[in-house]
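Here's the structure, in structure tokens; my notes come after.
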Protein chains: 2
Amino acid sequence: MAGRPREFDRDAALEAAMHLFWRKGFAAASMHDLCEAMGVSSPSLYAAFGSKEELYLAAFAHYAATEGQAVWDRLADGATARAGVENLLMAAAETLPKSRIAPAGCMVALGAVSDEWPPSIARVVRKVRLDLLRSLHARLEAALADGELPAMTDIDALSRFYLSVFQGMAIQAKDGATPAELRSAAKAAMVAWPGEG
Amino acid sequence: MAGRPREFDRDAALEAAMHLFWRKGFAAASMHDLCEAMGVSSPSLYAAFGSKEELYLAAFAHYAATEGQAVWDRLADGATARAGVENLLMAAAETLPKSRIAPAGCMVALGAVSDEWPPSIARVVRKVRLDLLRSLHARLEAALADGELPAMTDIDALSRFYLSVFQGMAIQAKDGATPAELRSAAKAAMVAWPGEG
DNA sequence: CCAATTTTGTAACGATCGACACAGAATATG
DNA sequence: CATATTCTGTGTCGATCGTTACAAAATTGG
């Protein structure tokens, strides 16, 4: 087991690819752009990641495990499901708009919404989106069992509703909405919590 | 003023282009696909529409004037702003999922969300999205003036919130959500109407 | 019928894309 | 040092993209 050692940091390169994909999507981020952003020539890139599709999947997994997880973990914060959902939306309002270090939007919410994405990527992205719906659903179901929510609450509808608010916020962030504007929308959404008045 | 007459129906061809762009987005709908779907050879297409970008803009305008307008007009239906918003969301729940005649999603809500779109198109699409926000805002402002909404209601927040629900529903429709599922989410959103409970 | 004009289909253009062949350079092992 | 192995950069491959010459075909006006 020998060979010339790799001259670039694989994780740093993956992070750079993630940011470029995050900002430009899959198709618009050309291999030329990626090589430049990652500081790696294309044969090295292919040796390390296989193909552009596989590189995207690796970057997407990295995104889900870091940026995405950081926001979605807030759902578990707080004593009640209501607090968890509010924390989630507030964190989203803070994270979704463009900042000095991060592009606007969300790779999970906005990825593969048009059919111009490779099917293999679309399948993975949509699966993660459904996972978000499922974890929202699970949190609300627990709240129902705890008696936090009225017994006749429509959990399917409520989880789908709060997911739609999150996804809509992602689109508006892409259009330039500020954290304050998204917070106000999230605040308005929390009024729909069952038993509010 | 003479010349060989055009052999294809310009409006029918534009409608076909609209459906293809609606389903596949801008980049993934190649000129080859478009020519096939429109039943026109590419030089004829260029003579009639100018370029692929201009064709998209024409198809998008056609979409906004027909499919989009039909849904958004519901905002004016009903005696109250609340009824108008509910009608709008219910119409969206019916229209957004894939049907026998229409693709899933919405060209306005989901168009140009990634940066892989030509800037000229992104500018137009985002302007229309902002117009949606403005018309929602205007309807709620009128309701405020009529006393339908409490005097301290945050109109900016409320319009942005309902827009986000609509946009989120569009994403979920792309992921395969049914009209019934979207209706239930819309119903949950209406609970957030000020003074509910 | 003749000339002018516009559309049509075939075929091809240059540009760009993702992907890779190749040879040189850098390491580990014996 | 010699060999095997792996990485690196240059250059290029075939495919596909949007776009357009070109000539034949079809119409109107004189």
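Atom set for the values below is all heavy atoms of this structure, side chains included, hydrogens, waters and symmetry mates excluded. Letters A, B, ... mirror the listed sequences (proteins, then strands); counts begin at 1.
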d(CE, Met38(B); P, dG18(D)) in whole Å: 13 Å

Salt bridge or not for Glu94(A) and Arg183(A), using N-O below 4.0 Å? yes

Would you check if the side chain of Arg10(B) reaches a backbone N or O of Ala48(B) as a donor-acceptor pair within less than 3.5 Å? yes

What residues form a side-chain hydrogen bond (donor to acceptor under 3.5 Å, both in side chains) with Asp9(A), not counting sequence neighbours? none

With distance as the sole criterion, do the side chain of Arg4(B) and the base of dT7(C) form a donor-acceptor contact below 3.5 Å? yes

side-chain hydrogen bond (donor to acceptor under 3.5 Å, both in side chains) contacts in which one or both residues fall within residues 57-71 of chain B, not counting sequence neighbours: Glu15(B)-His62(B), Gln69(B)-Asp73(B)

The correct set of residues in residues 14-27 of chain B placing a heavy atom under 4.0 Å from DNA chain D is none

Return the set of residues passing side-chain contact (heavy atoms from CB on, under 4.5 Å) with Thr95(B) (not counting sequence neighbours), or none when no residue passes. Val71(B)

Measure the distance from CG on Leu45(A) to P on dA21(C) and round it to the nearest whole Å. 16 Å

Kindly say if Tyr46(B) contacts the phosphate of dT20(D), meaning a side-chain N or O under 4.0 Å from OP1 or OP2. no

What's the closest nucleotide to the Arg6(A) side chain, out of dT8(D), dT27(D), dG18(D)? dT8(D)

Spacing between Met31(A) atom CE and dG14(D) atom P, to the nearest angstrom: 20 Å

Please state how far atom CZ in Phe8(A) lies from atom C1' in dT27(C), giving the value in whole angstrom units. 16 Å

Rounded to the nearest angstrom, tell me the gap between atom CD in Glu116(B) and atom C1' in dC17(D). 15 Å

Please tabulate the protein-to-nucleotide N/O contacts below 3.5 Å involving nucleotides 9-12 of chain D, giving atom names and distances.
from	atom 1	to	atom 2	distance (Å)
dG9(D)	OP2	Ser41(A)	OG	3.3

Could you list the residues that satisfy side-chain hydrogen bond (donor to acceptor under 3.5 Å, both in side chains) with Gln172(A), not counting sequence neighbours? Arg160(B), Gln167(B)

Can you name the side-chain hydrogen bond (donor to acceptor under 3.5 Å, both in side chains) partners of Asp175(A), sequence neighbours left out? Arg126(B), Arg129(B)

Checking Glu53(B) now: which residues fulfil side-chain contact (heavy atoms from CB on, under 4.5 Å) with it, not counting sequence neighbours? Phe26(B), Ser51(B), Pro118(B), Ser120(B), Ile121(B)

Not counting sequence neighbours, which residues clear side-chain contact (heavy atoms from CB on, under 4.5 Å) with Ala28(B)? List them please. Glu116(A), Lys24(B)

Counting only non-hydrogen atoms, which of residues 50-62 of chain A are less than 4.0 Å from DNA chain C? Ser51(A), Lys52(A)

Between atom CZ in Phe49(A) and atom C1' in dG18(C), what is the gap in whole Å? 16 Å

Who are the side-chain contact (heavy atoms from CB on, under 4.5 Å) partners of Ala186(A), not counting sequence neighbours? Leu89(A), Met90(A), Met169(A)

Could you pick out which residue, Pro5(B) or Asp33(B), lies toward the 5' side of DNA chain D when each is mapped onto its nearest nucleotide? Asp33(B)

Can you sort out the partners of Asp154(A) under side-chain hydrogen bond (donor to acceptor under 3.5 Å, both in side chains), two or more places apart, ordered by chain and number? none

